[in-house]
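Below, chain A is the first sequence line, B the second, and so on; all start at residue 1.
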2 protein chains.
Amino acid sequence: MSIQKTGSFQGMKSLNRSIILNSIRVHGMISRSEIAKETRLTPPTVTNIVAELILANLVVERRPGTSNGGRKPILLAINADSRFIIGVDVGVKKVRLALTNLNAEVSMRRTEELPSGLNEGGFLLFLKEIVSKFKQEIEKGVQEKIIGIGVAMHGIVDHTSGIAIHAPTLKLENVPVKEALEETFSLPVRVENDAKALALGEKWFGVGKDMDHFFCLNVGEGIGGGLVQSGQLVHGNDSLAGEIGHTVVDLRGPVCSCGNRGCLEAFSSGNALKFKGKQLMNAGKAPKLTEKLRETLSPISGKIIYECAVEGDTVSREILEEAGEYLGIGILNLIHLINPQMIILGGGVSQASNFLLKPINEVVSARALSDRAKKTEIVVSKLGEEGSLIGAVTLVLSELFSHEY
Amino acid sequence: MSIQKTGSFQGMKSLNRSIILNSIRVHGMISRSEIAKETRLTPPTVTNIVAELILANLVVERRPGTSNGGRKPILLAINADSRFIIGVDVGVKKVRLALTNLNAEVSMRRTEELPSGLNEGGFLLFLKEIVSKFKQEIEKGVQEKIIGIGVAMHGIVDHTSGIAIHAPTLKLENVPVKEALEETFSLPVRVENDAKALALGEKWFGVGKDMDHFFCLNVGEGIGGGLVQSGQLVHGNDSLAGEIGHTVVDLRGPVCSCGNRGCLEAFSSGNALKFKGKQLMNAGKAPKLTEKLRETLSPISGKIIYECAVEGDTVSREILEEAGEYLGIGILNLIHLINPQMIILGGGVSQASNFLLKPINEVVSARALSDRAKKTEIVVSKLGEEGSLIGAVTLVLSELFSHEY
DNA sequence: TAATTTAATTAATAAAGCGAACAAAAGGCG
DNA sequence: CGCCTTTTGTTCGCTTTATTAATTAAATTA
C-alpha cells in the first residue's frame, strides 16, 4: 500500500487553497461570495485564503461585477502574467518549445529539428542547448517569472522520476530528463508521455474541461492515448496505461510495428494509412493517389491520402473510412472497459476527423452494449498541433494549482 | 465538475481516523507507536483517535507485544465481533446470503433459489422476504449488532442510488434495491454490480490486498470484471466500467449474446464453452464428452468440459486452452489500456485455472509491448464461490472504515 | 538497583476553520 | 433625497484538532 497523506492543518489549508484557486481558474472571473457558495467553504475562509493568494500575486481583483440587489461583487481572476512556464514537446523528428503564462497562452514559440541518431547523452545535451537558447531569447522581466519546465515526450515516461524509460523511435532508453534539466536550469521540471500530457491539456484547456472521465487518443504516426478518471491522469502500475494503439482489434489482422498481429495501430495510424495507400497503388488501384504523388513530388503519407479524400477520391476516402471503423472498435473496447464520458480525438489525424467520426460513431452506436454507452461523446480536440505542448505546460501548472503545492 | 470536499476539522479527523483504522485492519495487530511510525501521524494524535475507536467498540487492546528493548507495546486489533453485516449475492439462478463480522468471517449462510420470471415488484418482494427470514434466524444479541446490508448483483448497478438499472438475464430494469431494503430494515444498504463487488472483496480480503492497481475478472456463464485504480473501485461515467466480456477480440468471431460479433464472452465464457462443446459433439468430434453426458445424465456445461479435461480428454483440454488464449487477448488489451499490476481470475471458471493460466500467460508474454507489461501477475482468486458475497459485505465495511464515515 | 530505551499519555501551544456580528456598498422605495 | 433592505466582504472570538515538549509507565540491560 502506498504512503497516505495524513490530515493536518497544512493539508487542510492546502486543499482549500487549491479548491479556491481552481474555482477561480475554471470560472475565469468570480467573486468571493460566489466561491463560498460553490465550494461550500465559509466566507471568512475564502477571504483569508484569497488574501494570501493576492499577496502571492497569483490572484488579482478585477472590475466589480453586476449587483444582485446589493453590494457589487469584486471579481477575482488568476493573475495570468505573474508567472510563466516553458513547455517542451519532444516528437520523433522535431522539438517544439513554447513560453506561456498561467492561462497557457503562448507568447513565444520555436520548433527545432531533432537530429537523428543521438544517444542518451547527446540527446540530453541537445535538449539542454535548445531550451537554454530559447530561454535566453525571453525578455529579462519575464525570464525571472518562469516557474518551471514541462516536457511532453514520445515513448514511455516515468512521471515521478522524470525518466524517459523507453522511446522506441528515437532509440533511447532511461534518459534522466528531469534530473538533467533541473540541474541545468535550477527550475522544477515535470516530464510526461506526450499522449498523457495531451489528455491533461484537454482536461485543463480543451474540450475535456468539464469532464471527469475521458480518454484522449493521440493518433499520429502511431497511436497513443491518455486516460483521465475522476479528473486525474491514470498512469497504471508502470506508467504504461493508455497504450490503446497496441490493443488487438482483429487477431488475424496485419503485423504491427510492435511485432504482433492485429493491433489498432496497424489499422488506423498514420503509418497504417501510408502502408495501405502504398499497397493499393502498387496494385494499381489508387490512380488519384499515384497522380497526386507525381504532381507534388512528395512521398506517400497520411496527409496526402487525406488531401486526396478531400478532393473527392473514393479510394482515399475508403482508406480513411476503414481506419475509422477499426478506430471505432478500439474505442468500443475502451468504452466497455472504462466507460468514459467522452472520447477526444487528437494528434495529426484529427484533421481528417470529418472522414473518421462517421464510421467511428457508426461502429460505437451499432455495437455498444447499452444505450448509455452508445451515447459516449466522441469529439475532436481543439488544441490542434500544439496539444501536447499545452499539456507539457499544464504539467507544471497543475502542481502550482494542486493540493500538494 | 463534481462537488469537492473541503478541508475542515471534521474532515481532517475523519481522514486520520480512517488511516488508523485501516492500518490496524491491514496489520491485524499493531501498537500505537507502530501506527504512528507507519502513518506519520504523531503519537498523541494516534492515542486520541484510538481512544475514541476503543470507546466506539471498533478497536480493542489485545495482549502486549514483544519488547524492542523498552516498554512492551500494547497490540491493538479490530474488534471483529462488535458489528455484523448481512451480505447478499443475487445471481442468475440463486441468491446467497451470509452473516459476517468486521473481518468478513462468515458465521451463517443460506442459499435460496431465485424463482424465474419475477417482475420488478415481485423480485423486491422476494428479496425482502428472504433477507427478513435470514435475519430472524440470527440470534438476538448479534441481530442488534448488524450495521448494514451489502448487495452484489448481476447486471448494471448504479451504486450511488442503489438501483439495479439493467439485469438482462433476470429481465429486470430499474429496480430500487437500496431504497426498498433500507425502508424495510432501517439499515444502510449498499448495492453494487457483482464483478465490482468481487474486485472490492479481493482488495480487502483476497489476493489484491496489497495491490493498488488491478483488474478482477469474473468468468462464469458470462464474463464481467471490476477495476481497481489507486486502491479505488472504478465505476466510469455510468457505472458501466469493467465490461471486459464485451470487448472485441476478433472482429470475425462468433456472434455473442449481446448481438455483436467477436466479443470475449463469445469465446471464453461458460456459455461459450458449452456452445463449443455442443458443436464438437454434434460433429462427432468429442467422444469422451458424449460418453460423459450419457453416464451422468446431465446437460452439457462448462463444468462437465472441465471434468473431462481433468480426466485427460484432449478435446476438452483444447476447448479450455482456446478459451484461455482468447482470455489472454482480452487481458492483453486490458493491460495495454490500464496497465494493472495484477489480473485476478475469479468466478466459476477459476476452478479450471490449471488449464487456463498457461495459455493466458503465453499470450500475454508473447504479445505484451514491454517487459514490464509482460510481468503483469495473473493469479486466481482465493475467495472462491463466495467472492462476490464477501465483496457485498465489503461494500458496507468500506464505508465504516472510510474517510466519509 | 540504576540507567537506558521504548511506549503511551498529558499539558501547553498553535493552526485554521466556524459562527455571529459588523461594515461596506448597492439598489429600492417612499 | 434619505432610509431600509439586500448582498458582499471582513473582523473577532470560539472551537476543533494536530503538534511539540515534557512526563509517566514499563520494559530491558548493565
Base, sugar-phosphate or nothing for [X]? Non-hydrogen atoms, less than 4.0 Å.
X: A:Leu41; answer: nothing
X: B:Pro44; answer: base
X: A:Asn16; answer: sugar-phosphate
X: A:Pro73; answer: sugar-phosphate
X: B:Thr6; answer: nothing

Quick one: is [X] getting a side-chain N or O under 4.0 Å of the [N] phosphate, OP1 or OP2?
X: A:Arg32; N: D:dT10; value: yes
X: B:Lys37; N: C:dA7; value: yes
X: A:Thr42; N: C:dC18; value: yes
X: B:Ser33; N: C:dT6; value: no
X: B:Asn48; N: C:dT9; value: no
X: A:Ser67; N: C:dA26; value: no

Rounded distance in Å - [atom1] ([X]) to [atom2] ([N]):
X: A:Ile49; N: C:dA16; atom1: CD1; atom2: P; value: 9 Å
X: A:Asn68; N: C:dG27; atom1: CG; atom2: P; value: 11 Å
X: B:Glu61; N: C:dT9; atom1: CD; atom2: C1'; value: 12 Å
X: B:Arg71; N: D:dA26; atom1: CZ; atom2: P; value: 6 Å
X: A:Ile19; N: C:dG17; atom1: CD1; atom2: P; value: 10 Å
X: A:Glu52; N: C:dA16; atom1: CD; atom2: P; value: 8 Å
X: A:Lys72; N: D:dG9; atom1: NZ; atom2: P; value: 13 Å
X: B:Arg40; N: D:dA18; atom1: CZ; atom2: C1'; value: 16 Å

Open item on the list: Can you identify which nucleotide, out of C:dC18, C:dG27, D:dA27, has its nearest atom closest to the B:Ser8 side chain?
Closed with: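 Of C:dC18, C:dG27, D:dA27, C:dC18 is nearest to the side chain of B:Ser8.
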Open item on the list: Between A:Gln143 and A:Ile138 (side chain of the first, backbone of the second, donor and acceptor by atom type, cut-off under 3.5 Å), is there such a pair?
Closed with: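 The answer is yes, because a donor-acceptor pair under 3.5 Å joins these two groups.
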Open item on the list: Counting only heavy atoms not in A:Gln10 (residues, nucleotides, ligands), do more than 12 fall under 6.0 Å from its CD?
Closed with: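 Not more than 12 within 6.0 Å, no.
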Task: Pairwise 5' ranking along DNA chain D for A:Leu75 and B:Gln10, keeping only the more 5' one - done: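 Residue closer to the 5' terminus by nearest nucleotide: A:Leu75.
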- [ ] On DNA chain D, check which nucleotide each of A:Thr47 and A:Gly7 is closest to and give me the residue with the more 5' one.
- [x] A:Thr47
Open item on the list: With a 4.5 Å cut-off on side-chain heavy atoms, are A:Lys203 and A:Phe214 touching?
Closed with: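 Side chain of A:Phe214 against side chain of A:Lys203, heavy atoms only: contact under 4.5 Å found.
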Task: Side chain to side chain, B:Leu21 and B:Ile78, heavy atoms closer than 4.5 Å - done: yes
TODO: Tell me which of A:Gly11 and B:Ile74 sits closer to the 5' end of DNA chain C, going by the nucleotide each one is nearest to.
DONE: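 Upstream on the strand: B:Ile74.
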TODO: Find which nucleotide of DNA chain C each of B:Gly69 and A:Pro64 is nearest to by heavy atoms, and output the residue with the more 5' nucleotide.
DONE: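 Its nucleotide being nearer the 5' end, the pick is B:Gly69.
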- [ ] Flag the pair A:Glu144 and A:Arg83 as a salt bridge only when some basic side-chain nitrogen lies within less than 4.0 angstrom of an acidic carboxylate oxygen.
- [x]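 Salt bridge flag = no for A:Arg83 with A:Glu144.
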Open item on the list: Between the side chains of A:Glu139 and A:Lys145, is the shortest nitrogen-to-carboxylate-oxygen separation below 4.0 Å, so that they form an ion pair?
Closed with: no
